[in-house]
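Structure first, then comments.
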Amino acid sequence: MDKIVVDGGRPLRGTVRASGAKNAALPLLIATLVAPGEHRLANVPALADTSTTLSLLGRLGCPSLVDGDQVRLDTSRIAFHEAPYDVVRKMRASVLVLGPMLARAGEAKVSLPGGCAIGTRPIDQHLKGLEALGCRFTLEGGYVHGKAGDLRGADFRFDMPTVTGTENVLTAAVLAQGTSVLRNCAREPEVVDLCHFLVALGARIDGIGTETLTIEGVSRLSPPTRPYRIVSDRIETGTFLVAAAITGGDVEVTDADPALLGSVIDALRSAGCTITTTPTSVRCARSGPLRPFSLVTAPFPGFPTDMQAQLMALACLAEGDSTLVETIFENRFMHAAELRRMGGRITEKGNLATVHGTGRLSGAAVMASDLRASAALVLAALAADGLSEVLRVYHLDRGYEDMVGKLRRLGARIARVSDGERDAARFQAAMDAPLLEASG
Ligand code: EPZ
């Protein structure tokens, strides 16, 4: 297992390209199941979760070929209906096979995802929405077993705007007979990208980007003639903007859509950063002191919960008190304890965290608990005085493509070393080593 070592305190400068969005790539790759044939997708990020998704599709009988950020996937034949425990426990998003499999094959068996570090994360809304279309579920041996005859359009309202819940039900409704009206849907850009992809397959969807989706079911869908390009990753983009803000640097992220980052840009501006945008790039620069700020996470277009940890790290470097309220997940302050190890002064009360910013952090060994917490700890280490070690970086690999390489190109002193390595001189050697070696 690896860890990341960082020698902090250097302003990051330069340009980095945003990869395709993890949270769009997973539902789109899985949605290919509703359209038998050969699919080509472009701008697919090289992540552990992408590999897990392709291996899951392979186990269902759908082989794939990866060539850089291009993926070819053949869904002509579905041989099996099961998403096994060993895959689902690695990646909850595997539950997204339920909708397309039930619509395409009338049967699906998926290991019930357990809780995770950030919350209990039930899937009741997924099941209720699919039941409204005519699916029937039994729960046995830790598996949800779904069966369906011909799906029928329905009028269904989600109790809350759930991202993968909306995606699961939507991907079934496109093949249901008649009209479905889905209400209180999630409006995240990744849901919008899935809608556009399904339309490219021949689906009929109105209200894209709003909380009400009206779907006219069709009897057959087929792969688009041209490769479908996945939307860029707004959370990765936001993470790199915070890297500039937290180190007092100047970073431009290209292949990024500023319209997807409104609330993040507002927060960075309120913290004293200068943000400039073009239709395809966002640049963040900071030279003066960081000001404290307040944020409340919310469904899109509100402030994304997937950026909360990164902004908590930033708040540690501000001069004064910032407040962060987490409204989406009930246990998403795990990174606070690790930031405290670096000298962060953070108090928590329920879903409210108050950060008493002191303008500095000091390097330490810290442990990542989940994907975005690991990104926040790397950002904190980039700003901290001295050496830090970030352990359990496998979390990072799930959602960030070549993060060490990208940060090195922006001037960071960072490297990936084996977990057992203890020798600081060897850390320095790894950080001095030519990039390819360092990013391993
Ligand atoms: C998606 O998770 C993302 N994952 C998450 O990103 C992201 O944090 C989250 O949306 C919120 O934006 C993917 O897209 C693969 P939800 P999802 O269903 O769909 C409750 C990352 O770091 N709920 O929108 O699982 C739920 O418990 C990950 O990339 C129910 O109660 O989130 C939560 O409190 C982490 N019942 C709230 O709704 C349900 O059936 C929103 O969750 C479904 C959800």
Strictly distance-based, threshold 3.5 Å: is any side-chain N or O of R10 a donor or acceptor partner for the main-chain N or O of D7? yes
side-chain contact (heavy atoms from CB on, under 4.5 Å) filter on D419, not counting sequence neighbours, yields M1, K3, L391
Quick note, side-chain hydrogen bond (donor to acceptor under 3.5 Å, both in side chains) partners involving residues 115-124, not counting sequence neighbours, are T120-E330
Sub-3.5 Å donor-acceptor pair from the side chain of R234 to the main-chain atoms of D257, do we have one? no
Under the side chain to side chain contact (heavy atoms under 4.5 Å, CB included) rule, what do R341 and M367 come out as? Steps first, then yes or no, please. CA-CA 10 Å; R341 289 179 47 72; M367 178 123 38; over 6 Å; no
Work out which heavy atom in L268 is nearest to a heavy atom in A245; give both atom names and the distance. CD2-CB, 4.0 Å
With sequence neighbours excluded, what pairs up with A117 under the side-chain contact (heavy atoms from CB on, under 4.5 Å) test? D370
As an exercise, state the distance from CD of E190 to SG of C195, rounded to the nearest 0.5 Å. 11.5 Å
I235 and M307 have their tightest heavy-atom pair at O-SD, 3.7 Å
Apply the test salt bridge (charged side-chain N to carboxylate O under 4.0 Å, His left out) to residues D402 and R409: give CA-CA distance (whole Å), side-chain angles for both, the deciding distance (0.1 Å), then the verdict. CA-CA 11 Å; D402 186 26; R409 290 185 201 99; 3.5 Å; yes
Flag if over 12 foreign heavy atoms under 6.0 Å of CZ, R392: no
Is a salt bridge present between R340 and E348, judged by a nitrogen-to-oxygen distance below 4.0 Å? yes
Would you check if the side chain of T50 reaches a backbone N or O of A46 as a donor-acceptor pair within less than 3.5 Å? no
Working note: R416 + D397, criterion side chain to side chain contact (heavy atoms under 4.5 Å, CB included); need CA distance, chi angles, decisive distance, verdict. CA-CA 12 Å; R416 211 182 157 105; D397 297 338; 2.7 Å; yes
List the atom pairs, with distances to 0.1 Å, where a side-chain N or O of residues 426-434 and a protein N or O form a donor-acceptor pair under 3.5 Å, not counting sequence neighbours.
{"unit_1": "R426", "atom_1": "NE", "unit_2": "E421", "atom_2": "OE1", "d": "2.8"}
{"unit_1": "R426", "atom_1": "NE", "unit_2": "E421", "atom_2": "OE2", "d": "3.4"}
{"unit_1": "Q428", "atom_1": "OE1", "unit_2": "R413", "atom_2": "NH2", "d": "2.4"}
{"unit_1": "D432", "atom_1": "OD1", "unit_2": "R413", "atom_2": "NH1", "d": "2.7"}
{"unit_1": "D432", "atom_1": "OD1", "unit_2": "R413", "atom_2": "NH2", "d": "3.3"}

Do L213 and T166 come close enough that some side-chain heavy atom pair is under 4.5 Å? yes
I need the full list of side-chain hydrogen bond (donor to acceptor under 3.5 Å, both in side chains) pairs touching residues 373-384, with sequence neighbours left out, sorted by first then second residue. none
Enclosure of R13 CZ (heavy-atom neighbours >12, cutoff 6.0 Å): yes
State whether the side chain of T171 and the backbone N or O of P100 hold a donor-acceptor pair below 3.5 Å, judged by distance alone. no
Assess whether a salt bridge exists between R187 and E211, defined as any Lys/Arg side-chain N lying under 4.0 Å from an Asp/Glu carboxylate O. no
Between the side chain of N43 and the main-chain N/O of I230, is any donor-acceptor distance below 3.5 Å? yes
Does R360 reach the main-chain N or O of D385 with its side chain, forming a donor-acceptor pair under 3.5 Å? no
Would you check if the side chain of T327 reaches a backbone N or O of T297 as a donor-acceptor pair within less than 3.5 Å? yes
Ignoring hydrogens, what is the shortest heavy-atom contact between V95 and N168? Give both atom names and the distance. O-ND2, 3.0 Å
Check the pair M101, V110 against side chain to side chain contact (heavy atoms under 4.5 Å, CB included), reporting the backbone distance first and the verdict last. CA-CA 10 Å; M101 287 290 285; V110 175; over 6 Å; no
Going by side-chain contact (heavy atoms from CB on, under 4.5 Å), name the residues that satisfy it together with T354, two or more places apart in sequence or in a different chain. D321, T323, T347, L352, H356
Got a sec, which residues hit ring-ring contact (aromatic ring centres under 6.0 Å, His included) with Y143, two or more places apart in sequence or on another chain? none
Please determine whether the number of non-hydrogen atoms from other residues, nucleotides or ligands lying under 6.0 Å from atom CZ of R283 exceeds 12. no
Distance, nearest 0.5 Å, that separates CG of L65 from CG of L73: 10.5 Å
Sequence neighbours excluded - side-chain hydrogen bond (donor to acceptor under 3.5 Å, both in side chains) pairs with any residue from residues 52-61: R59-D86
Work out which heavy atom in A259 is nearest to a heavy atom in F300; give both atom names and the distance. O-CZ, 4.5 Å
L12 to V251 - nearest heavy-atom pair and separation: O-CG2, 3.7 Å
Where the side chain of R286 meets the backbone of G272, is there a donor-acceptor pair that is under 3.5 Å apart? no
Verify, without hydrogens or angle tests, whether N351 (side chain) and E326 (backbone) share a donor-acceptor contact under 3.5 angstrom. yes
Would you tabulate the side-chain donor-acceptor contacts of residues 16-37 under 3.5 Å, counting partners in other chains and residues two or more places apart, or write 'none'?
{"unit_1": "R17", "atom_1": "NH1", "unit_2": "D255", "atom_2": "OD2", "d": "2.5"}
{"unit_1": "S19", "atom_1": "OG", "unit_2": "E401", "atom_2": "OE1", "d": "2.6"}
{"unit_1": "S19", "atom_1": "OG", "unit_2": "K406", "atom_2": "NZ", "d": "2.8"}
{"unit_1": "T32", "atom_1": "OG1", "unit_2": "L29", "atom_2": "O", "d": "2.5"}

Sequence neighbours excluded - ring pair (Phe, Tyr, Trp, His ring centres under 6.0 Å) pairs with any residue from residues 225-277: F197-Y228
Rounded to the nearest 0.5 Å, what separation is found between the CG atom of L112 and the CD1 atom of I123? 5.0 Å
Flag if over 12 foreign heavy atoms under 6.0 Å of OH, Y394: yes
Closest approach of S388 and G363, non-hydrogen atoms and distance? OG-CA, 3.1 Å
Sequence neighbours excluded, which residues qualify as side-chain contact (heavy atoms from CB on, under 4.5 Å) partners of S51? none
What residues, two or more places apart in sequence or in another chain, satisfy ring-ring contact (aromatic ring centres under 6.0 Å, His included) together with F158? F156
Using a 4.5 Å cut-off on heavy atoms from C-beta on, say whether the side chain of R398 contacts that of L47. no
Would you give the length of the straight line joining atom CG of L371 to atom CG of D306, rounded to the nearest 0.5 angstrom? 7.5 Å
Is the backbone N or O of D159 less than 3.5 Å from a side-chain atom of Q125, with the two atoms forming a donor-acceptor pair by type? yes
Are V378 and Y400 side-chain neighbours, meaning at least one heavy-atom pair lies under 4.5 Å? no
Carefully, step by step, assess T164 and E167 under the rule side chain to side chain contact (heavy atoms under 4.5 Å, CB included). CA-CA 5 Å; T164 49; E167 294 167 343; 3.6 Å; yes
With the side chain counted from C-beta on, respond yes when V174 and L201 share a heavy-atom pair under 4.5 Å apart, and no when they do not. no
May I ask you to test the H335-R372 pair for a side-chain heavy-atom distance under 4.5 Å? no
Rounded distance [0.5 Å steps], CG in D74 versus CG in L57: 11.5 Å
Once you round to the nearest 0.5 Å, how far does CG of L290 lie from CG of L314? 5.0 Å
